[in-house]
2 protein chains.
Amino acid sequence: MSPTPQQRRAARHQLDPSAPAARRGPSGRRKKPITVEAIISTAFDIVEKEGYEALTMRRVAAALETGPSSLYAHVVNKEDLDELLIGRLCAEIELPAPDPATWRRQLIDVCTQLRDQYLRYPGISQAAFAAAPSNLDTLRVSEGMLAILLAGGVDPQTAAWTIDALTLYVNAHSLEVSLAARRSDEAWVRSRDEMLNRFAALPDTFPQTKRYAAELTAGTTHDRFAFTLGLMLDGLPGQPSLA
Amino acid sequence: MSPTPQQRRAARHQLDPSAPAARRGPSGRRKKPITVEAIISTAFDIVEKEGYEALTMRRVAAALETGPSSLYAHVVNKEDLDELLIGRLCAEIELPAPDPATWRRQLIDVCTQLRDQYLRYPGISQAAFAAAPSNLDTLRVSEGMLAILLAGGVDPQTAAWTIDALTLYVNAHSLEVSLAARRSDEAWVRSRDEMLNRFAALPDTFPQTKRYAAELTAGTTHDRFAFTLGLMLDGLPGQPSLA
DNA sequence: TTCTACTTACGAACAGCGTTCGTGTCAATG
DNA sequence: CATTGACACGAACGCTGTTCGTAAGTAGAA
């Protein structure tokens, strides 16, 4: 009995990642035999070049020079493929050894790595929302964040919920940036001028928005990202960070 | 020349919301003539009962006892419909008169209203991500939030970016809760027990996660929501709130 | 009244999506 | 050689958003 894709998934979710299930002889029947690995990597290629919205089963199959049905022997679902992508993405994250002296900086670094990965594959954070948090790779990241927070002297309950808040925000921010970038490929300043004009033309029922239009449109997306992370971490009652 | 849906949309985006453009005689040709209003309200019905994923043009058309093409005379797009829904949703938000003594509480109230609306129509926050921020109704909400923050003594730049962070988080939180609820309709405790078991069975490479499994799975979604809002607002260098 | 102009409604169709089914094809085994 | 089992894949189903051509009915003009 050959493993059904469901069994493959179950194996992936297995909590003890031992027994790599030695791949059968590389039956070189096909020049490039379809493997989960091949599917994942071509999927990443597509998302990187054309965005997450372009990631369809048919598109992946076409890139692999086959029909869509061929994928379902290796992957349960599109949803499953999404989860694999997110897992792979999280696996790339480098987790530092927790250092009580610089825990805030460390946490920000991890979040920034995540954001960069999400933005490298625009729109993929959409998949991160749906991905089950039981995935081993995502769990590895949150384990790392938890370790950093605990090393920083944050109490466990606060740390746990802070991780939730952080990952949720990173996801959302990345998604928004991706969507906004897709909406207008032009430089951002152009969009900012447009925004300023709109705000200036607003009726008087929007006094504050008109008055502080400059502040509302100020800063790059990176600035806003750093600001929000600071907002969440600075209020944290932990050991004061040196950096 | 009758207004094309594009023109209708432009009119909606118009910055001065005057001249209600007196509706033409209610040519009662149809028992229930299709109007933008009718489309919006049936769309809300569908989302409320079956979730955002069930909101399709055909589904709306069927509920209106017509074909899908009939909708495109009143609505540009599905995307346009989404924006209308988000706009309507934001219009329901009650904005308090800013009170410097209770500004944090007021802000939390507004965010909670938003969350409750999003959760009432599960999954609709997905549309909120894509919605252009130039929409008048969403702008009204952020104007209200800005006023509250300024009244609280928060400096304008910080206030502007805080609004961004807050709305983004509220959206993301609502979306996650909606998705999680759809995944398993069963009571949450069941899912929590499952989570605890999984964590307990984790290999030793996840020491913190195993150790603090209780904290990681503690609290309702409401608890986490309140926690994160507090995280963002308590660190804010503004006038200390009485409440 | 009759004719025209115009708005609104809608059936049919197109291209694309995720997914399933039945069948074909090859390698290794009995 | 024959059989088995894993893998690949063409074709199809039901769904999606959207467009097009056309019909129906009202409003105004001649």
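Just the heavy atoms: all of them, side chains too, but no hydrogens, waters or symmetry mates, feed the values below.
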Under the side chain to side chain contact (heavy atoms under 4.5 Å, CB included) test, which residues partner B:Ala200, sequence neighbours left out?
-> none

By salt bridge (Lys or Arg N to Asp or Glu O under 4.0 Å) - contacts of A:Arg140 (at least two apart) | none

State whether A:His74 places a side-chain N or O below 4.0 Å from either non-bridging phosphate oxygen (OP1 or OP2) of D:dA8.
-> yes

Taking CG from B:Leu71 and P from C:dC10, how many angstroms apart are they, rounded to a whole number?
-> 10 Å

With A:Tyr52 via ring-ring contact (aromatic ring centres under 6.0 Å, His included) - residues at least two apart = none

With a distance cut-off below 6.0 Å to the six-membered ring centre and an angular limit of 45° from the axis, does B:Arg88 pair with B:Phe44 as a cation-pi contact?
-> no

Looking at residues at least two apart in the chain, or sitting in another chain, which of them share a side-chain hydrogen bond (donor to acceptor under 3.5 Å, both in side chains) with A:Glu92?
-> none

Output all residues satisfying side chain to side chain contact (heavy atoms under 4.5 Å, CB included) with B:Ala128, sequence neighbours left out; order by chain, then residue number.
-> B:Ile86, B:Tyr118, B:Asn171

Protein-proximity profile, nucleotides 11-17 of chain D, B/S/- by nucleotide at the 4.0 Å heavy-atom cutoff, equals BB---BB

Can you sort out the partners of B:Ser142 under side chain to side chain contact (heavy atoms under 4.5 Å, CB included), two or more places apart, ordered by chain and number?
-> B:Leu139, B:Ile163

What integer distance in Å separates A:Glu50:CD from C:dC17:P?
-> 11 Å

Per the end-axis method with five pairs at each terminus, what is the bend angle of the helix from C:dT1-D:dA30 to C:dG30-D:dC1, to 10°?
-> 30°

For B:Thr228, check side-chain hydrogen bond (donor to acceptor under 3.5 Å, both in side chains) against everything at least two apart and list the hits.
-> B:Tyr169

